Amino acid sequence: MIPSGRDLVDAALRAALQRAVAELGWPAEAGAMPLAVERPGDPAHGDHATSIAMRLAKPLRRPPLEIAEAIRQRMPPSEPIASVEVAKPGFVNVRLADEWVAKQADAIAAAGADYGRSTHLAGRRIQVEFISANPTGPMTVANARGGPIGDALANVFAFAGAAVHREYYVEDGGTQMKRFGVSVAVRYRQLLGEEAELPADAYQGEYVKDIAAQIRDRHGDRYRDLSIDEQAKVFAPMAIDWVVADAQRVTAKLGIRFDTWFKQSSFIESGYLEDTIRELRKRGVIVDREGVVFFETPEAVALTREGEEGWVLVDAQGDPKYLGTDIAYHRLCLEERGFDLKLNVWGANTQYHLQQMKIALPVLGIDPARFEVVLYQYVRFVHEGVLTRMGRRTGRFLLLEDVVEAVGADVARWFFLQAGADRTLDFDFELAVQQSNENPAYYVQYAHARIVSIFRTAAERGLSADGADVSLLVAPAEVALVKALLRFPELLDDIRDRRAVHLLTVYALELAGTFHAYYRDHRVVGDDEALSRARLRLVQAVQVTLRQVLGLLGISAPEHM
RNA sequence: GACCCCGUAGCUCAGUGGAUAGAGCACUUGACUUCGAAUCAAGUUGUCGCGCGUUCGAGUCGCGCCGGGGUCGCCA
């Protein structure tokens, strides 16, 4: 594990601050204050800086410049740090030593696939649940947004040593299932030549016919004499199998592999849901009214919306509702299945549900910090010239599979990961296909392919990075390039802290750009053999880092394009 | 009406309390007999929606407006 520049600077500043606290008799709390080491925008201000002196000025009742100076004087000389300066309002600016930076190219290249790997989350068992669309139809672009987000987040957690579990929650227990089953039954009857009409609240999509046809092909008219409700009951699980198979095929095309496809019906049938409601009852938060089971606490009442009767867990027919099953499901994951943290990637429509869950889980003694949600905003698409919200029941949607077929998995993943989760995404299919050749994903992949090509050229001339002397990397652009690489582990810290995977794409673009510029001005394979070897080592370190970033994004790092 | 998200360059978006607010696309002009031109270089682009507040310091935090998107089911 290579400590990042920020970690080194942070540790040195921390030590200096604590020394100052001890020697100058400052209050002990001052030594524990977060340093918040940052990167100055202006290179003239060094590589890392802290504003701690300004923030300590008031509690210590001393001018910031004096505090900054006290810290600066107590920074011991060290190999990575070239200089420490105090600047105007009270910044402490730290500059890394070029020689040390250059050396890191060696370390990064040697680390290879382990570059950036850490133990920050070692021992943590994290379930990342994502996509989990209502299993009543094929996967659309709207459902799919959680896919790359959840998958990349899981990658980042695993890379930090967590035991990560990717879960697709198959919600096959609710009322939508009955509706779905009836829809299939109607189509089945129609295929057998009977008169049957789709109810208004049924699923209208063409795929329902496909499912019915599949049942007819496999079972013929075996179910002809059943009532429509009986047919619905028999067909619903078959229809779910069809939908899950579709989701498995399409997510696989996007490069996503789940550890479990966990069925909601499993814990309803096992009695765990009932047990959970008994438990809630024991805690005195259940109220029964006219056969309906409500969750009721003062907090819940305060949040309850106008016109809403209450928070229904089970309806008068005995059918469990979303909140009821979800409380049981989360209890199952966090109390029985052994996850320390359950992180869900959910669509924006669950915003109210999320607030309900935050109130309900602590009632069962579950620490709400163990339940987290990355809420992403909608994906809209251009439908007949207008931006439209996708909906399966309305039949207005864009299939993920069609998009992946048209632009490829790499470009599709990039699209979903390029912006923060809380920004609405608009997708124009025609435009996406048309512009896929100038996609930013290719800009990054091209940098990688270019590096592979450099090594091909080097090999033809019998050159490699073996025995490179990286102290020859003294050009400013070379030092800058290594510094860009050194940001990678810091970036991973930020992504974990903020659950913000889109930062990977931002960084990938910057790194590729820095490399492309370097490539133009500096010949890697040249006449000077020693310098060529050193530069090959540098380029190798860039390749290693690009691979890591692309790998975490789930985007391929091609040798040719 | 309540609640959630967004408002930053012509467009798509970074920037999550620091110093002179950035990148890609688009536009203009240059650069391939030399490691891949899916690239690079140079040029142009801003009332950070508006107002008030907190702070040594606000695009960033709080409050209030304005504009856009979303949710408000015994659906999930």
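Here the structure is a predicted model, which means the values were calculated and not measured. In what follows, every chain begins at residue 1, and chains take the letters A, B, ... in the order their sequences are listed. Because only heavy atoms are used, hydrogens play no part in the values below, and waters and symmetry mates are left out as well, while side chains stay in.
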- Message: Students often get this wrong, so: under 4.0 angstrom with heavy atoms, is A/Glu290 touching a base, only sugar-phosphate, or nothing?
- Response: nothing
- Considering only the C1' atoms, how many Å lie between B/rU44 and B/rA23, rounded to the nearest integer? 16 Å
- Task: Return the nearest nucleotide to the side chain of A/Ala449; candidates are B/rG36, B/rA76, B/rC35.
- Result: B/rG36
- Phosphate OP1/OP2 of B/rC75 contacted by A/Thr175 side-chain N/O (<4.0 Å): yes
- Message: The side chain of A/Lys321 is closest to which nucleotide in this list: B/rC4, B/rC75, B/rA14?
- Response: B/rC75
- Looking across every strand, which nucleic acid part, if any, lies under 4.0 Å from A/Tyr442 by heavy atom: base, sugar-phosphate, or nothing? base
- Item | B/rG73 OP1/OP2 closer than 4.0 Å to side-chain N/O of A/Arg305 | no
- Task: Determine the interatomic distance between P on B/rA21 and the same-named atom on B/rC48; round to the nearest Å.
- Result: 11 Å
- Give the dot-bracket string for RNA chain B, reading 5' to 3', where a pair is Watson-Crick or G-U wobble with both distances under 3.5 Å, ( ) marks pairs inside the strand, [ ] marks pairs crossing earlier ones, | marks a partner on another strand, and . marks unpaired. ((((((((.[[[[.)..(...]]]].(((((.......))))).....[[[[[..)....]]]]])))))))....
- Scan A/Gly307 against the nucleic acid and name what it touches under 4.0 Å (heavy atoms): base, sugar-phosphate only, or nothing. nothing
- Only counting residues at least two apart or in another chain, list the ones meeting side chain to side chain donor-acceptor pair (under 3.5 Å) with A/Thr350. none
- Message: So A/Leu503, base contact, sugar-phosphate only, or nothing? Heavy-atom distance under 4.0 Å.
- Response: sugar-phosphate
- Query: Does A/Thr325 put a side-chain nitrogen or oxygen below 4.0 Å from OP1 or OP2 of B/rA76?
  - Reply: no
- Message: Under 4.0 Å from OP1 or OP2 of B/rA37: is there any side-chain N or O of A/Arg450 that close?
- Response: yes
- Message: Tell me the interatomic distance from A/Glu308, atom CD, to B/rC74, atom P, rounded to whole angstroms.
- Response: 6 Å
- Message: Rounded to whole Å, how long is the line connecting atom CD of A/Gln176 with atom P of B/rC75?
- Response: 8 Å
- Message: By nearest atom, which of the nucleotides B/rC3, B/rC74, B/rA14 is closest to the A/Val292 side chain?
- Response: B/rC74
- Nearest of B/rC74, B/rU39, B/rA76 to any side-chain atom of A/His516? B/rU39
- Answer with base, sugar-phosphate or nothing: what part of the nucleic acid does A/Glu460 contact at a heavy-atom distance below 4.0 Å? nothing
- Distance between P atoms of B/rG43 and B/rU12 (Å, rounded): 26 Å
- Residues A/Arg281, A/Asp288: salt bridge by 4.0 Å N-O rule: yes
- For A/Thr136 and A/Gln176, test the side chains for any donor-to-acceptor distance below 3.5 angstrom and give the result as yes or no. no
- Query: Across the strands shown, which category fits A/His448 at heavy-atom distances under 4.0 angstrom: base, sugar-phosphate, nothing?
  - Reply: nothing
- Task: Take the angle between the ring planes of A/Tyr207 and A/Trp242 and call it parallel below 30°, perpendicular above 60°, tilted in between.
- Result: parallel
- Query: Are the side chain of A/Tyr272 and the backbone of A/Tyr329 linked by a donor-acceptor contact shorter than 3.5 Å?
  - Reply: no
- 5' precedence on RNA chain B between A/Gln317 and A/Leu375 (nearest-nucleotide basis): A/Leu375
- Message: Please tell me if A/Arg423 has a side-chain N or O lying less than 4.0 Å from either OP1 or OP2 of B/rG69.
- Response: no
- Item | Spacing of A/Met357 atom CE relative to B/rC4 atom P, expressed in whole Å | 19 Å
- Using a strict cut-off of less than 4.0 Å between a Lys/Arg side-chain nitrogen and an Asp/Glu carboxylate oxygen, indicate whether A/Arg39 and A/Asp47 qualify as a salt bridge. no
- Message: Between B/rG10 and B/rG53, how many Å separate the two C1' atoms, rounded to a whole number?
- Response: 34 Å
- Item | Check: A/Tyr168 ring centre within less than 6.0 Å of A/Trp261 ring centre | yes
- Nearest-Å distance, CG (A/Asp426) to C1' (B/rG7)? 14 Å
- Task: Considering only atom P, compute the distance from B/rA14 to B/rU8 and round it to an integer number of Å.
- Result: 11 Å
- Could you tell me whether the phosphate oxygens of B/rG15, OP1 or OP2, come under 4.0 Å of any side-chain nitrogen or oxygen in A/Arg39? no
- Task: Could you tell me the separation between the CG atom of A/Asp288 and the P atom of B/rC74, rounded to a whole number of Å?
- Result: 16 Å
- Message: What's A/Ala419 touching, base or sugar-phosphate or nothing? Going by heavy atoms closer than 4.0 Å.
- Response: sugar-phosphate
- For atom C1', what is the distance between B/rG51 and B/rG67, given to the nearest Å? 15 Å
- Taking the same atom, P, in B/rG22 and in B/rG46, what whole-Å distance lies between them? 13 Å
- Classify every nucleotide of nucleotides 16-34 of chain B by which part a protein heavy atom approaches to under 4.0 Å, writing B for the base, S for the sugar-phosphate alone and - for neither, in 5'-to-3' order. B-BBB-------------S
- Item | Proximity of A/His330 and A/Phe371 rings by center, below 6.0 Å | yes
- Query: Taking only N and O in the side chain of A/Lys58, is any of them less than 4.0 Å away from OP1 or OP2 of B/rC56?
  - Reply: yes
- Item | B/rG15 to B/rC61 separation - P atoms, rounded to the nearest Å | 12 Å
- Query: Are there more than 12 heavy atoms of other residues, nucleotides or ligands under 6.0 Å from atom CD of A/Glu69?
  - Reply: yes
- Query: What is the distance, rounded to the nearest whole Å, between atom CG of A/Asp494 and atom P of B/rG15?
  - Reply: 10 Å
- Message: Checking one value: the base orientation of B/rC63, syn if chi is within 90 degrees of 0, otherwise anti.
- Response: anti
- Task: Quickly work out the A/Asp521 CG to B/rC35 P distance and round it to whole Å.
- Result: 15 Å
- Does A/Tyr322 have a side-chain nitrogen or oxygen under 4.0 Å from the phosphate oxygens OP1 or OP2 of B/rG73? no
- Query: Pick the nucleotide of RNA chain B nearest each of A/Ile451 and A/Gln377; which residue has the one closer to the 5' end?
  - Reply: A/Gln377
- Message: Can you confirm whether A/Lys233 is buried at NZ, in the sense that more than 12 heavy atoms of other residues, nucleotides or ligands lie under 6.0 Å from that atom?
- Response: no
- Strictly under 6.0 Å, is that where the ring centroids of A/Tyr203 and A/Phe180 end up? yes
- Pairwise side-chain contact, A/Ile277 with A/Ile327, heavy-atom cut-off 4.5 Å (strictly under): no
- Query: Across the strands shown, which category fits A/His560 at heavy-atom distances under 4.0 angstrom: base, sugar-phosphate, nothing?
  - Reply: base
- Task: Could you state the atom-to-atom distance from CD of A/Glu309 to P of B/rC75 in whole Å?
- Result: 12 Å
- Message: Aromatic contact between A/Phe130 and A/Phe258, with the criterion being ring centroids under 6.0 Å apart: yes or no?
- Response: yes
